Amino acid sequence: MHVSLRHGAIAGLAISSLLLLSACDGGSDSAKASGTKTKIAPPAPPTHISSKQAEQALVTGAELAEGWQREPDTIIDKKAAGAEEESLKGVRKACAPLAEILNSGRPDADHKATAQAVFYKKGEETNLAQDVSGYTRAQAVGLISGLRTAIKECGSFDGTMSGKKAKVKVTTLEVPKYGDESVGYAISITSDDMVMDFDMATVRSVGGITTLRNNYSDTGDRGKGAFNEGLAHAAEKLKAATAKTA
C-alpha cells in the first residue's frame, strides 16, 4: 500500500504538471487571439467641408428658372475681385455681419473652404448670386446667431460706398425652413442717386453656410422664381455636402 500511495502521488504530480502546462499554453494562445482582435478606432469625421464639396454645393443654371445661366469667372467677393472700393464701410459694429455678407457674400472671412457663382438672365438687369462657405459647426452656429441679431437690431443704418454716403434698410423676408436653420432678409441700399435692392437668404447645415442673394431691378424679371428655386436646390446640396462632417 505504501508503494501504491507513492505511485499514486507521483502519478498525480505528473497529471498536475500536464494540466499546468496545458493551462499555460492555453493562456499563451488566448493572449495571441486577444491580440488579433484589437480594433482600430475609425478616423474622426472632418470638422468642415472641403473646397471641392463647397463647389459641388453650388446650384447650376439648369436648376434655376428657365433662361438663367452662370456668368463665367465672376464672384461676389469685392475684395477678391479687386473692387474693394465699392464695399459698404463705416457701419456700426452691430451691423457688421450685414456689411460683410454684402461685401463678400459670406458671413465671415475666416472660412475653411469657399465657392461662389453668379447667374444672369439674358436681356435682364437682375442677377442671382450664391456663396457656399465651410466653417466648424460651433463657428457656423455663432455666425448665424450674429446675423439674426444684426437683422433684428439694424433696421436702418448708415455707411459709405465708393466714398459716398449710403443708407441701408433691412427687413425680414419669409423663407421656408431649410437645413439646420435658415433666415431670410431684404436689404435696400441708397447711395447718391443709386438704389440697390436684394432679396437674401442664408442657410446653415452643420458647419456649412450658403447664402443666396437676388439683386433685382425695378424693371423686367424680378427674379423671385429663380431665387425660390435656387434656394431650395442650394439648401439640398449643402445638406448633402455636410452630411459626413462633424
Side-chain angles (χ1 to χ4, degrees), residues 58-59 61 64-71 74-79 81 83-92 94-107 116-132 144 147-176 178 182-203 209-235:
L58 292 173
V59 298
L64 302 177
E66 186 178 353
W68 288 82
Q69 53 189 306
R70 184 171 178 175
E71 182 76 44
T74 306
I75 58 175
I76 314 165
D77 192 328
K78 289 183 172 65
K79 185 176 181 180
E84 192 174 7
E85 71 280 356
E86 297 175 9
S87 297
L88 177 63
K89 301 176 182 178
V91 305
R92 65 181 191 267
C95 309
L98 291 166
E100 179 64 36
I101 216 161
L102 283 166
N103 294 335
S104 70
R106 62 185 74 89
Q116 296 187 336
V118 177
F119 302 87
Y120 72 98
K121 187 175 183 180
K122 191 174 181 180
E124 301 288 351
E125 294 181 23
T126 298
N127 67 74
L128 195 71
Q130 182 193 9
D131 173 87
V132 178
I144 296 297
L147 179 59
R148 287 187 187 278
T149 300
I151 294 168
K152 183 179 179 181
E153 296 183 0
C154 299
S156 179
F157 62 96
D158 298 324
T160 61
M161 290 183 72
S162 301
K164 298 179 180 180
K165 290 182 179 181
K167 192 164 193 66
V168 186
K169 292 185 178 181
V170 183
T171 56
T172 58
L173 181 68
E174 191 74 27
V175 296
Y178 289 121
S182 53
V183 56
Y185 44 109
I187 298 177
S188 181
I189 305 173
T190 303
S191 181
D192 207 4
D193 59 349
M194 178 178 63
V195 179
M196 291 173 284
D197 294 303
F198 303 89
D199 287 333
M200 303 185 69
T202 299
V203 179
I209 293 178
T210 186
T211 295
L212 199 71
R213 77 181 195 189
N214 175 30
N215 182 195
Y216 61 89
S217 169
D218 56 359
T219 60
D221 189 341
R222 172 74 165 71
K224 197 70 174 177
F227 178 77
N228 291 335
E229 286 285 337
L231 184 58
H233 286 294

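Numbering of residues begins at 1 and proceeds along the displayed sequence. For clarity, every value in this text was computed on a predicted model and none was experimentally measured.
Atom-to-atom distance recorded for K79:NZ and S87:OG is 9.0 Å, nearest 0.5 angstrom. Residue E229 holds its CD atom at 12.0 Å from CD of E66, rounded to the nearest 0.5 Å. Put simply, CG on L231 and CG on D199 are 11.0 Å apart, with the number rounded to the nearest 0.5 Å. T172 contributes atom OG1, which lies 11.0 Å from atom CZ of R148 (distance to the nearest 0.5 angstrom). Here the straight-line distance linking atom OG1 of T202 with atom CD1 of I144 works out to 5.5 Å at 0.5 Å rounding. F119 CZ to L212 CG: the interatomic distance, rounded to the nearest 0.5 Å, is 8.5 Å.
Ion pairing of R213 with D131 is absent here, as no side-chain N (NZ or NE/NH1/NH2) approaches a carboxylate O to less than 4.0 Å.
Remark: K78 engages no residue in a side chain to side chain donor-acceptor pair (under 3.5 Å) (not counting sequence neighbours). Listed by chain and residue number, K224 satisfy the side chain to side chain contact (heavy atoms under 4.5 Å, CB included) test with N228 (two or more places apart in sequence, or in another chain).
Closest heavy-atom contact between G225 and A65: C-CB, 4.3 Å. Closest of all the heavy-atom pairs between K121 and W68 is CD-NE1, 3.7 Å. Closest approach of A201 and V175 over heavy atoms only: CB-CG1, 4.1 Å. In terms of heavy atoms, S191 sits closest to K164 at OG-CB, 3.8 Å.
A side-chain donor-acceptor contact under 3.5 Å links N103 to the backbone of L88. Judged by distance alone, with hydrogens and angles left aside, the side-chain atoms of Q130 form a donor-acceptor pair with the main-chain N or O of V59 at under 3.5 Å. Judged purely by atom type and a 3.5 angstrom limit, S104 uses its side chain to pair as donor or acceptor with the backbone of R106. Side-chain atoms of E124 come within 3.5 Å of backbone atoms of D221 as a donor-acceptor pair (strictly under, hydrogens ignored).
Two residues are said to be in side-chain contact when any heavy atoms from C-beta on lie closer than 4.5 Å; L147 and Y185 meet this criterion. Proximity of F227 to L173: side-chain heavy atoms (C-beta onward) are separated by under 4.5 Å at one or more points. Within the 4.5 Å cutoff, no side-chain heavy atoms of V168 are placed close to those of V91. T126 is not listed as a side-chain neighbour of R222, based on a closest heavy-atom distance of 4.5 Å or more. Looking only at side-chain heavy atoms (C-beta outward), I187 and L102 come within less than 4.5 Å of each other. Looking at N127 and E71, their side chains never come closer than 4.5 Å, going by heavy atoms from C-beta outward. By the 4.5 Å heavy-atom criterion applied to side chains, S188 and V195 are counted as neighbours.
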Side chains of residues 149-163: which donor-acceptor pairs under 3.5 Å do they make with residues two or more places apart or in other chains?
residue	atom	partner	partner atom	Å
T149	OG1	S145	O	3.0
D158	OD1	K167	NZ	3.3

